[in-house]
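Below, read A as the first sequence line, B as the second, and so on, with proteins coming before strands; counting in each chain starts at 1. Quick caveat: nothing in here was measured; it's all calculated off a predicted structure.
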2 protein chains.
Amino acid sequence: MADKQKYKRSKQRERIYSLLCSTKDHPTATWIYSELKKEFNNLSLGTVYRNINILVDQKKIQRLQSGSSFDRFDGNVETHYHFICEKCGKIEDLPCVVLPELNAVVNTNTGYHTEKHRLDFYGFCFSCSAQ
Amino acid sequence: MADKQKYKRSKQRERIYSLLCSTKDHPTATWIYSELKKEFNNLSLGTVYRNINILVDQKKIQRLQSGSSFDRFDGNVETHYHFICEKCGKIEDLPCVVLPELNAVVNTNTGYHTEKHRLDFYGFCFSCSAQ
DNA sequence: TTAATTGCAAACGGTTTGCCACGTT
DNA sequence: AACGTGGCAAACCGTTTGCAATTAA
């Protein structure tokens, strides 16, 4: 995933991409694998993961994930928002007012009913932006 | 983690809880383990995980995580918000307007600089709330 | 005494990676 | 020819779990 990598075309990657664009679901790697296994008899899960990472690197698809790979825990159970450093992964509490009216926006403008949301802001923390 | 489980006290759990309350960082299980290993010589990581889950179950702490355990991917790289079903884990796109002014709120009211955020709403999807 | 908790080690499950053959340029 | 890609299987790593011994109620 180096910066100056030259990617070549591959049928598998193109199908993964078109498959992801053709659905409004938010597929998992395993689902993509089982779908494309029908077309590519010898497809392996490793290939799916490798290509997904390339596509994310190319910014053609996005990974829906909170940030770091392991769970983090918070002794503060009150709703509050977080600032997540895109470089070091540090999570900091935001001294911001929580906006319960966001729930109301969703409840009146969509068919969904919600009473809870999660809001994370991304950027560089002080020490990382100083570097 | 059944509903009518009666939890007994344990020194380890009480220290995990007080440790989580004493810091504004958002520790990982491994960090908690290495801190408390100093006090409990034979502490094991399994104990930390078990007690974390109990504390989450008791709603004394919160787990900072997006939802399901495996990554999901989206062919739509435009910023958009999601509705996540708390029961089945399904992720759906919200036909909502994105609110770039939320970034401005953070940038003017806190010391942080952000140009990107992620907003997830939680609730029950149509089929799960029908049940 | 009963049942929850612990430490230990093995198992789990999603993801990554090393290797070598194959495909693209 | 040079090098990215695929398939396969093993490795990785955070988390969970089975078990026997310990501890709280």
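Contact annotation: B/Asn41 side-chain N/O to C/dG7 OP1/OP2 distance is not under 4.0 Å. The side chain of B/Ser10 contributes an N or O atom lying less than 4.0 Å from OP1 or OP2 of C/dT6. The shortest distance between the side-chain N/O atoms of B/Gln12 and the OP1/OP2 oxygens of C/dG7 is below 4.0 Å. Applying the 4.0 Å criterion to OP1 and OP2 of C/dT16, one finds that A/Asn53 has a side-chain N or O inside that range. Considering only side-chain N and O atoms, A/Asn42 lies nowhere under 4.0 angstrom from the phosphate OP1 or OP2 of C/dC22.
At a cut-off of 3.5 angstrom, counting only N and O atoms as typed in the model, there is no donor on one side facing an acceptor on the other between the side-chain of A/Arg72 and the base of D/dG14. Not a single donor-acceptor pair, N or O on each side, falls under 3.5 Å between the base of D/dA25 and the side chain of B/Lys6.
Atom-to-atom distance recorded for A/Ile52:CD1 and B/Asp71:CG is 8.5 Å, nearest 0.5 angstrom.
Nearest to the side chain of B/Arg50, among D/dT5, D/dC3, D/dC19, sits D/dC19.
Summary of the strand contacts: B/Thr28 and A/Arg13 both lie near DNA chain D, and taking for each the nucleotide with the nearest heavy atom, the more 5' one is attributed to A/Arg13. A residue-by-residue look at B/Thr47 and B/Arg9 shows that B/Thr47 has its nearest nucleotide of DNA chain D further toward the 5' end.
Other residues, nucleotides and ligands contribute more than 12 heavy atoms inside 6.0 Å of the CD atom of B/Glu86.
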- Task: Go through B/Tyr81 and B/His117 one step at a time and tell me if the ring-ring contact (aromatic ring centres under 6.0 Å, His included) criterion holds.
- Result: CA-CA 10 Å; B/Tyr81 299 150; B/His117 63 263; 5.6 Å; yes

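A cation-pi arrangement is not found for B/Lys11 relative to B/Phe40, the charged atom failing to lie both closer than 6.0 Å to the ring centre and inside a 45° cone about the ring normal.
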